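The model shown is predicted, which means the values in this text are computed figures rather than measured ones.
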Protein chains: 2
Amino acid sequence: MNCGSKKLLRMSYLQRQSRINTRSDLMKELDKLSLENYKPLREIVFEHLREAIITGEIEPGERLMEIQLAENLGVSRTPVREAIRKLELEGLVIMEPRKGVYVSEVSITDVKEVLEIRVSLEGLGAYLAAERIKDDELQELLKKHEELNKSIKDRDVSGIVRKDTELHNIIFKAAKNDTLVDLIDGLMEQVKRFRVSYVSGHHKSSDLAKEHEKIICAIKNRNKEAAKKYAEEHIEIAKKYIVSDYNREKL
Amino acid sequence: MNCGSKKLLRMSYLQRQSRINTRSDLMKELDKLSLENYKPLREIVFEHLREAIITGEIEPGERLMEIQLAENLGVSRTPVREAIRKLELEGLVIMEPRKGVYVSEVSITDVKEVLEIRVSLEGLGAYLAAERIKDDELQELLKKHEELNKSIKDRDVSGIVRKDTELHNIIFKAAKNDTLVDLIDGLMEQVKRFRVSYVSGHHKSSDLAKEHEKIICAIKNRNKEAAKKYAEEHIEIAKKYIVSDYNREKL
DNA sequence: ATAACAAATATTGTATACATATAATAGCAA
DNA sequence: TTGCTATTATATGTATACAATATTTGTTAT
């Protein structure tokens, strides 16, 4: 595993210079800005490690050693440890006290469980969105839908994945339930780690388009129950493809 | 705020004695046991603080200061900091970098959001339970239901709350989705912090009994859709009572 | 009195030191 | 060899030291 060039992070710490005593208003303003940008090292390390785990750069089962990570990142053990505590609570790593920390494995069972839940939550999101979406959000939704269809037509896979994610995010935002958004985000982390793409290659593009169409129409027509039903169906289908992809790969 | 008698925790650290070189098998066995029981200080601190926050012993908005907490608990800042990182990820505290850590506020909006989600998840739990429950789990469920009804008949409020929680837990266990269990647990923390009891005093006992009856019958009959519907209704009603309790209190 | 600045203080952020436990290795007896 | 103990190395757990920032207090000039 390669965590990037050594001492990469140290700069961001040393950059912070000591106080200048008499300063202009402009300097104060600049200072305030740089403060707003300030992130503790533990945050940087946390995000870095999370990214590395989710993308698979650090593989499941691999051990995370504090000293080694600290040296690679050019920081001390303290921020690394604090970052690891958060990863632990997110379920990305497993701690065995006094033994060490290991990147947790994601089984197909875990993914099935998560998607089972996501079926419900996506249904809820669409239901609430149909109830609460505002006009400008609806416009945004329709626009994103068109963009997605264009990506589908162009067979631009990475574009499809991106636009699809954005589309779902717009719906969740429109549902006006921040807790729901956070919950989904946390859940999907597990799925992302599982190597199959969320938008399966076998999920026929034409079907995908139709499914979205139905959901969006229902939301537009403020038909809550229909929106819920179609959204649930949509994820249910995606789930089936992911599972069958997995089985295919297992052969 | 009083976090208990000073130096309370230090014992658990000092208890761990240095190694005895030649030891019997029995001693090894004892050692293994004490190891399995071993919890890092950060865990103890974490659980302690979480409990204190959930019960309201530490109030929303209150500041958590590392040195003070460490002194009160008789530990150093390190385990306290690591515990706080976890509380932060759970949303129980809010961190402002370089400023401090504050116990997060729980608004009625948050509670509404959580319960909105819980309606869906409880429905999902009952649905899956109806599909997957095993005979012994069903027996356990029926037994708990009787116990709950007894508590209701006796007007034993704390008994009702306890049995109700246990009943719901049995259903979720039967759903065979561990992720779902963890998710619900995390979510309900927020509601518990909100001072209204989850089983509202205004939720008529007779209704409560009927609602449970319907859910359990549906599960028993393996009627998934009905189980889902009744479970959703049940939480929806509870949600209404909690919200109206809140409004009443606000007067 | 009050605003602005400066010094002092308290608190968080980070690094390091020390203690203890686990793992790995080597030596030794049966 | 095999199994045990002793030894060493390495990693984690905890405490403390140091650095930088925020906050409070105090002082001075207006």
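- Whole-Å rounding puts the A:L69 CG to D:dA11 P distance at 11 Å.
- Taking the C1' atoms of five terminal pairs at each end of the helix from C:dA1-D:dT30 to C:dA30-D:dT1, the two resulting helix axes are inclined by 10°, rounded to 10°.
- Neither OP1 nor OP2 of C:dT14 sits under 4.0 Å from any side-chain N or O of A:S76.
- Side-chain atoms of B:E62 and B:Y102, non-hydrogen and from C-beta on, never get closer than 4.5 Å to each other.
- A 4.5 Å side-chain heavy-atom check between A:Y127 and B:E116 finds every atom pair outside the cut-off.
- For the pair A:K173 and A:E140, the salt-bridge criterion is not met [side-chain N within less than 4.0 Å of a carboxylate O].
- The residues B:R85 and A:E43 are annotated as not salt-bridged, no charged nitrogen and carboxylate oxygen being separated by less than 4.0 angstrom.
- The side-chain heavy atoms of A:L180 and A:L121, taken from C-beta on, include a pair separated by under 4.5 Å.
- One can place CD of A:E82 at 12 Å from C1' of C:dA15, the figure rounded to the nearest angstrom.
- Using a 4.5 Å cut-off on side-chain heavy atoms (C-beta onward), B:I108 and B:N247 make no contact.
- Between A:E47 and A:R50 no salt bridge is recorded (no basic side-chain N to carboxylate O distance below 4.0 Å).
- Per the geometry, NZ belonging to B:K39 stands 19 Å off C1' belonging to D:dT12, to the nearest Å.
- Distance B:F46 CZ to D:dG13 P: 16 Å, rounded to the nearest Å.
- Residues A:R81 and B:R42 form a side-chain contact, since some pair of their non-hydrogen atoms from C-beta on lies under 4.5 Å apart.
- Within the 4.5 Å cutoff, the side chain of B:Q190 has no heavy atoms near those of the B:D110 side chain.
- Using a 4.0 Å cut-off between charged side-chain N and carboxylate O, A:K176 and B:E113 make no salt bridge.
- Using a 4.0 Å cutoff on non-hydrogen atoms, no part of residues 84-92 of chain B comes near DNA chain D.
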Polar pairs (N or O, both sides) under 3.5 Å between protein and nucleotides 10-12 of chain C?
unit_1	atom_1	unit_2	atom_2	d
C:dT11	O3'	B:R63	NH2	3.2
C:dT12	O3'	B:R98	N	3.4

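- The pair B:E137-B:R132 does not count as a salt bridge, with every side-chain nitrogen at least 4.0 angstrom from each carboxylate oxygen.
- If you take OH of B:Y38 and C1' of C:dT20, they are 9 Å apart, rounded to a whole angstrom.
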